[in-house]
There are 2 protein chains.
Amino acid sequence: MSSYYKEHEKFYVAVDIIIFGFDGERLNLLLIKRNFPPSKGKWSLMGGFLKNYESLDQAAERVLYTLTGLNNVFLEQLQAYGNIYRDPGERVISIAYYALIKIDDYDENLLEKHNAHWYPITDFPSLIFDHNNMVKRAIARLRRKAKTQPIGFEMLPAKITIPQLQKLYEAIYLKKFDKRNFRKKILSYNVLEKLDEKEKETSKKGAYYYYFNERKYSQLLENGYSFNVNI
Amino acid sequence: MSSYYKEHEKFYVAVDIIIFGFDGERLNLLLIKRNFPPSKGKWSLMGGFLKNYESLDQAAERVLYTLTGLNNVFLEQLQAYGNIYRDPGERVISIAYYALIKIDDYDENLLEKHNAHWYPITDFPSLIFDHNNMVKRAIARLRRKAKTQPIGFEMLPAKITIPQLQKLYEAIYLKKFDKRNFRKKILSYNVLEKLDEKEKETSKKGAYYYYFNERKYSQLLENGYSFNVNI
DNA sequence: CCAAAAGTGTTCAGCTTACACCCATGA
DNA sequence: TCATGGGTGTAAGCTGAACACTTTTGG
């Protein structure tokens, strides 16, 4: 059985990960200043080669874990990149993934070890190979996805306030929304539950905390309703 | 430079193509009854191995051309599939593509040679490996995409009638639409131009032909308007 | 007491949806 | 003449978008 494919060529396969994090103000990318060849000294996405004992998804999880120390985060495949000379050194097929992480959860030491830095999506250094394209596409995907699925919550702590959530959406779409309309829309899905507690860091009056009720969201989907933030 | 990656493993990389065609009534898939190993005698998508002189997109074009004799058709990457045992024979990373073709354009002889057959998306044989998943995902992508981009036209001849177009959308979404609303919506984009000619095969009265004006569509997009068929 | 952020309703326009009848013509 | 599919308009309901003032409280 294992002889059918002998005549065909084999290729290096890698995964590259676009890591998004929200710092309360801006949407950020986690980028690597490479202290290893090739393209040493230049900026790139975090990546790694596929190993024969892991699936693509597992490779992406491993690479993300290596850099951040995080497991069980939102991680989704973007697409494969396979131009012949995309990596000028040698031919590599790269599968791009994007991840949404809570920006305060990661392991600082690991970031330092890998020479990783956060940059806002509006202003980050030019990246090697086709990584700029990957980022562009990942942002487009995130924007599309955030309209129909509550993935924003992946980048926020369990307890959030409505103004925080609005700031996240504004950071994703790079525009301002009307706070009355935003609150109305978000609350209309009945997936947020108001707590009796207030966040008092950012204002004197304080904003009520809510938490995202995953169970209610599942029910919403099962009943054929769809989450649809029209932005 | 080419020594950096020596320590890493290499993999077979293939492309598999979900080919859609519309026969005037139903949306169909072009499937292969394999007369070659592995899984000889079973049904699968058309696929082929990546060669070192071509990009992924080029590999997909080549494979599609091999089967249909068609060039310059709508062809877009879906995503990569890389589970370890997805191909029980040997490990292969497969990049799935989907294509939209005009069902009457292909080369019949080639189809016969490859043992290829059209099956409606509502009723087709079970496929090998993870090909059923690929098809499922391709249909979902097509449905999403058809809402915001006029890709339906890729499966129709240059001259179409409104009832034909409606049947295509009904075949994609597997539901009926109101013909008054459909016509109103489609014509409101002003990308269809009415001809003085009628299609008289399917009705005695005859339906006016229209043609899709690509130039007008480009202008529509440039002006910030968006094609959005609300289905 | 005041600055700063949180919270709250209403109106208008545009879009989606539902719905029924006449038209043209080949057989 | 009649069966078949093509073609047409309007009204109601819903959703998105625009818009300004009051509340709370720490400093």
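None of these values were measured; they are calculated from a predicted model. Numbered from 1 within each chain, the chains take letters A, B, ... in sequence-line order.
- One donor-acceptor pair, N or O on each side, does fall under 3.5 Å between the base of C/dA6 and the side chain of A/K179.
- Between B/W43 and B/Y119, the gap from one ring centroid to the other is short of 6.0 Å.
- Atom OH in B/Y208 sits about 8 Å away from atom P in D/dG7, given to the nearest Å.
- The base of C/dT10 is paired with the side chain of A/K184 by a donor and an acceptor separated by under 3.5 Å.
- In this structure, the CG atom of A/D178 is 15 Å from the C1' atom of C/dC12, given to the nearest Å.
- Taking the six-membered ring for Trp, A/F182 and A/Y169 have ring centres closer than 6.0 Å.
- For B/K204 and C/dA27, the shortest distance from a side-chain N or O to OP1 or OP2 is not below 4.0 Å.
- A donor and an acceptor atom sit less than 3.5 Å apart, one in the side chain of B/R180 and one in the base of C/dA20.
- Within 4.0 Å of A/T202, counting heavy atoms only, lie sugar-phosphate atoms of the nucleic acid but no base atom.
- When the nucleotides D/dT25, D/dG5, D/dA3 are ranked by their closest atom to the side chain of B/S203, D/dG5 comes out on top.
- To the nearest 0.5 Å, atoms CG (A/L30) and CH2 (A/W118) are separated by 4.5 Å.
- Residue A/K205 places a side-chain atom within donor-acceptor reach of the base of C/dA6, judged by atom type and a 3.5 Å distance cut-off alone.
- Among D/dG16, D/dC19, C/dA6, the nucleotide with an atom closest to any side-chain atom of A/A207 is C/dA6.
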